[in-house]
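These values consider heavy atoms only, across backbone and side chains, with no hydrogens, waters or symmetry-generated copies.
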Amino acid sequence: MADIVSSSEASTSVCSHCERSVPAANIDLHFAHCSRNLEKCKVCGDMIPRKFADEHYTSTHAPVECSLCSETMDREILAVHKGENCPQRITTCEFCEFPLPAVDLIEHQEVCGNRTELCHLCNKYIRLRERNSHEIRCTGVPETTAEPSRRETRPAERERGAPPRRRGDEFSTGRLIFTIAITGIAVLIGSLFFQRQAGKDQI
């Protein structure tokens, strides 16, 4: 008799509604309760109490709206969207580290990357977008031009004994003094000439 009871308890049947194994002796009672109170979710296949079916779909499977850009999408991809694809996600400029929306990043970096800063090794101004490559190849030696500027050559000419160049104002002043002197001499000679003429006329 014990063997018969044991065999009966081990016998199971599969519920056609929830597809679970149920003791064969309870299958009718289980099916009546299961079909009346439970509902299979069409998305995930879980058995959900009928009264919570709508709530389950809304909180687990319904499309959601991104709080940043208001785009609607499946709940499963929302986290990836916010982290990698949303145009309104906050990103940081690689040059100035200023936080701004991803949709504005390219335009900002186009301007920001063209700013320059002084390299303290070679004394040359470098664009921020070229800073990394410049640091790799920078020798630390200030660059020199092939032809020195006029300001650089003048002290060298003076050291070699070359006559200093006249400044424009000095040249003009010398000409003015020379012109006044010539004019004064001409006036003096003219007055002496007229005095002699006057003396001859009196005689």
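Contact check for R20 versus C34: no side-chain heavy atoms found under the 4.5 Å cut-off. S67 is listed as a side-chain neighbour of K82, based on a closest heavy-atom distance under 4.5 Å. Residues R129 and E110 form a side-chain contact, since some pair of their non-hydrogen atoms from C-beta on lies under 4.5 Å apart. Contact of the C138 side chain with the K124 side chain is not registered, since no non-hydrogen atoms from C-beta on lie closer than 4.5 Å.
For I106, the CD1 atom is loosely surrounded, since the number of other residues' heavy atoms within 6.0 Å does not exceed 12. Within a 6.0 Å sphere centred on CG of N114, other residues, nucleotides and ligands contribute more than 12 heavy atoms. A 6.0 Å sphere centred on CD of E76 holds more than 12 heavy atoms belonging to other residues, nucleotides or ligands.
Put simply, CD on E94 and NE2 on H108 are 9.5 Å apart, with the number rounded to the nearest 0.5 Å. Between the SG atom in C119 and the CD atom in E130 there is a gap of 12.5 Å [rounded to 0.5 Å]. Rounded to the nearest 0.5 angstrom, L105 CG and R89 CZ are separated by 8.5 Å. Note that the CZ atom of R115 and the CZ atom of R127 stand 13.0 Å from one another [nearest 0.5 Å]. For the atom pair CD1 of I126 and CG of L118, the computed distance is 8.5 Å after rounding to the nearest 0.5 Å. Remark: E84 CD to C86 SG distance equals 12.0 Å, nearest 0.5 Å.
C93 and Q109 make their closest contact through CA-OE1, 3.6 Å (heavy atoms, listed as atom of the first residue, atom of the second, distance). The minimum heavy-atom distance between T116 and Y125, with the atom names listed, is OG1-CD2, 4.1 Å. Scanning all heavy atoms of the two residues, the minimum distance from S35 to R50 falls at O-NH2, 3.0 Å. Of all the heavy atoms in L78 and C66, the pair that sits closest is CD1-CA, 4.2 Å. P99 and I90 get closest at one heavy-atom pair: CB-CG2, 3.9 Å. Across all non-hydrogen atoms, the minimal contact from F31 to H17 is CE1-CB, 3.9 Å.
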List, one per line, each side-chain donor-acceptor pair under 3.5 Å for residues 68-75, sequence neighbours excluded.
from : atom 1 : to  : atom 2 : distance (Å)
R75  : NE     : S59 : O      : 3.4
R75  : NE     : T60 : O      : 3.4
R75  : NH2    : T58 : O      : 2.7

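Within the structure, ring-ring contact (aromatic ring centres under 6.0 Å, His included) pairs that include any residue of residues 46-73 comprise H56-H61 (at least two apart or interchain).
Screening V22, N26, I27 for a side chain to side chain contact (heavy atoms under 4.5 Å, CB included) involving S13 leaves a single residue, I27.
H33 and N37 share a side-chain donor-acceptor pair at under 3.5 Å.
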